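All values below come from the heavy atoms of this structure, side chains included, with hydrogens, waters and symmetry mates left out. Here the structure is a predicted model, which is why all the values come from computation and not from measurement.
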2 protein chains.
Amino acid sequence: MITSHNGPQPADFTDVRATNLAVVLRFVRENAPCSRADIAASTGLNKATVSSLVADLIDRRLLRETGLTEHRVGRPATMLVLDGSPYAAIGIEVNVDYITAVAVDLKGEELLNWRRSFPGGTSSAGQAVVAMAALARRVISRMTKEARQVLGLTVAVPGLVDVNGNVRVAPNLGWRDADLAGDLTKALRDPGFPVLVDNDANLAALAEHRFGPHRNAANLVYVTGEVGVGAGIVMDGRLRRGGQGYSGEIGHIELDPAGPTCRCGRRGCLEAVAGIGAILAHTAPDASPSELELEIDEVVRRARNGERDILALLEDVGRHLGRGMAAVANMLNPEVVILGGYYVPLAPWLVACAEEEMYGRVLAPGGGGCRLEVSTLGYGAAALGAAARVLDSVDSGRLPAQR
Amino acid sequence: MITSHNGPQPADFTDVRATNLAVVLRFVRENAPCSRADIAASTGLNKATVSSLVADLIDRRLLRETGLTEHRVGRPATMLVLDGSPYAAIGIEVNVDYITAVAVDLKGEELLNWRRSFPGGTSSAGQAVVAMAALARRVISRMTKEARQVLGLTVAVPGLVDVNGNVRVAPNLGWRDADLAGDLTKALRDPGFPVLVDNDANLAALAEHRFGPHRNAANLVYVTGEVGVGAGIVMDGRLRRGGQGYSGEIGHIELDPAGPTCRCGRRGCLEAVAGIGAILAHTAPDASPSELELEIDEVVRRARNGERDILALLEDVGRHLGRGMAAVANMLNPEVVILGGYYVPLAPWLVACAEEEMYGRVLAPGGGGCRLEVSTLGYGAAALGAAARVLDSVDSGRLPAQR
DNA sequence: CGACATTTGTTTGGCTAAGAAACTAACTAA
DNA sequence: TTAGTTAGTTTCTTAGCCAAACAAATGTCG
């Protein structure tokens with residue numbers, strides 16, 4: 001059944017074509033190498049239709065024929081695979097102390113991953129645009145040199161990004177009301193591909209949804225573990241941004257009215273009791289943002305050494321985290337909640353407690369089938385998701401123009 | 001853009017037709033009376049296509065031509081309206097002390113609204129099926145007498161209902177693992193229309209989404225105010241049920257580890273500090289479920305009289321409720337949170353406090369545009385939503401067969 | 001080895017349904 | 001009466017899916 005998801009929009013033949021092109025593309029992505037006959041059999045599309053769709057996709061160099069099948073009864077099949085080579089999707093993540101750029105091909109293979117230090121915490125949005133544009137230009141020129149067409153660029157920002165891609169507030173960067181997408185487009189002088197901006201947690205969720213081990217889950221939540229705690233929500237296979245794009249702001253869910261003071265001014269917020277800050281408040285109260293990674297390494301070292309107070313601290317944080325995740329699981333019933341950011345290195349000491357708390361608090365029998373897992377995508381999840389955002393629009397049928 | 005929302009499903013012409021029929025149907029629902037020319041102009045469909053679609057819908061008696069327009073320049077337009085008369089959708093709500101059945105026509109006009117007392121709290125699911133089937137048969141025969149074709153029947157159950165319509169747990173009814181949809185279909189002996197089961201909060205949310213004053217909101221949350229507190233979540237225009245169908249279980253979000261004990265055994269759950277039970281625990285600790293309505297009336301009377309202790313109690317509950325709703329608003333960023341059930345009569349004394357707490361706690365600027373409102377649909381919201389569930393499948397293109 | 005079975009992918013023709021443009025219809029205004 | 005305006009239909013074209021026949025390439029078995 002076809003359903004337009006942004007209100008009553010009529011459909012026509014080009015929509016059918018786009019839908020079916022996307023179906024074939026996604027099928028090959030998941031089942032490569034496969035033959036036209038496989039596609040027809042599995043999708044229910046007619047063989048003739050599949051041939052036509054595949055021809056179109058080969059013309060656009062999204063698919064490529066590889067060799068034939070080995071000895072079997074009947075005519076050997078021509079196998080098809082994704083042809084990543086002529087395209088690239090760019091994701092950029094801006095953060096307190098660095099900017100990361102990644103480029104991936106259609107398959108999601110990482111083509112480059114550049115990190116460049118940048119004083120995000122003390123720079124204006126304008127300065128960030130200049131820095132991002134410079135980095136982006138280098139990435140674009142590298143891609144061009146490799147004869148790849150850039151399909152799009154998405155920027156991941158730690159903060160509230162509205163549905164139009166304007167950054168409303170980015171507390172750690174000190175930005176307010178910045179039209180990042182517009183300014184960056186201008187700075188790149190009409191680059192000929194879409195430039196988008198989205199929240200980092202949203203994009204990390206997208207990365208998990210496309211590349212992670214739980215990519216089959218239609219409902220998942222990604223939780224960032226930085227100084228701030230945010231979430232990206234995928235429900236029914238798509239990112240859900242809410243009315244204005246501010247969904248997933250779980251950091252200030254109040255878990256304990258008698259808890260410690262949060263930087264938002266209230267008490268006992270999830271962020272204050274289970275954020276990375278809650279750990280560092282005990283171990284390195286004066287750490288600057290750029291030292292976070294080092295400090296966390298130190299916490300990991302001490303936990304490995306079995307230091308009692310650190311272990312107790314982590315258990316405590318884990319329990320609070322579990323309580324917060326129980327709220328998430330109760331409200332959204334996702335298949336999986338994925339912990340990211342600095343929760344990843346700390347996971348060995350956090351997750352058991354968190355899981356126990358969570359499962360004990362989820363109302364649905366068997367926890368509603370919701371698991372608590374740790375991200376395997378590393379720190380670059382948001383940048384990777386930003387690139388995935390570009391691929392998503394290809395997957396939903398907006399194919400690059402024919403050669 | 002067409003997007004199939006349950007995985008990669010190919011599209012063909014019948015999908016285009018179904019989509020466009022649904023577009024026209026929805027347009028007329030929202031803009032009746034209107035002419036074919038209006039439809040073409042607003043939807044972007046070609047005039048010829050609209051004529052063909054409208055002819056089809058008139059054939060199926062979903063639309064009807066009314067008179068012509070009054071004197072204007074040019075040929076007068078034939079106006080179109082929804083033709084509710086030949087169809088009916090049935091919604092049934094089963095509860096602790098009664099079963100409600102409503103029937104609506106295509107426009108959502110209520111055709112009947114029958115309430116029948118039923119000891120849900122002490123009856124088995126099997127007994128409930130017998131009672132529901134008896135009631136349903138009377139409704140069906142009444143509809144048949146009125147020459148209406150029944151398009152479907154949906155049952156609203158206060159409890160966890162999985163994605164297949166099985167009731168996993170319904171604490172207040174004492175049910176577990178009941179295949180209500182299957183059993184009711186059997187009891188009705190192959191009724192020739194779909195029989196579905198869903199959670200009451202989900203369906204009430206659907207009722208608000210279709211009939212309520214905020215029907216334009218693509219993102220809304222409906223909160224039940226009964227002994228239990230649950231939510232139905234609409235995001236991007238559709239009900240979001242989560243992985244197994246258990247989304248919206250906000251009643252046991254833990255707001256205060258030092259709070260009063262909840263019936264789930266833990267402390268400080270939203271339900272325990274802001275549920276209706278939290279009020280009655282102070283005013284009528286021994287009330288049985290069937291006396292709830294009376295007891296709430298009594299609370300309203302005393303609040304109207306300005307009794308200090310009652311007002312303080314309601315303010316306190318309102319503040320806790322506001323904290324819970326802040327968690328909802330932060331996580332989902334809906335356009336509106338709608339309070340239902342017994343919160344409605346108590347709203348005059350609850351909402352101001354709740355709003356204040358909520359707005360103060362929502363991180364997004366301006367509360368993320370999220371308002372707190374009170375349901376205007378009355379106690380029958382879930383039953384009405386159950387009927388709306390049936391209309392939804394018509395609206396998404398599954399039209400009844402041609403005459 | 002050759003006839004036959006099996007499987008793949010293409011070609012042909014038919015059908016559905018949307019769109020463009022011309023046309024008919026029914027009115028107002030002057 | 002004539003011109004202008006808007007509504008809705010008719011006719012024709014086109015996109016694109018499907019079914020069925022067919023061509024191609026291989027294995028199998030007598």
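Inter-residue side-chain proximity for A:Arg36 and A:Leu80 is flagged as met; some heavy-atom pair is nearer than 4.5 Å.
To the nearest 0.5 Å, atom CG of residue A:Leu112 and atom CD of residue A:Glu146 are 7.5 Å apart. Distance CD1/B:Ile140 to NZ/B:Lys145: 13.0 Å, rounded to 0.5 Å. With values rounded to the nearest 0.5 angstrom, B:Lys107 atom NZ is found 7.0 Å from B:Asp83 atom CG.
Panel note: side chain B:His209, backbone B:Ala218; no donor-acceptor pair is recorded below 3.5 Å.
Protein atom CG of B:Asp56 is 17 Å distant from nucleotide atom C1' of D:dG8, rounded to whole Å. Between B:Leu80 atom CG and D:dA7 atom C1' the separation is 12 Å, expressed in whole Å.
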Per-nucleotide protein contact string for nucleotides 7-18 of chain C (B base, S sugar-phosphate only, - none; heavy atom under 4.0 Å): BBBBB----BBS

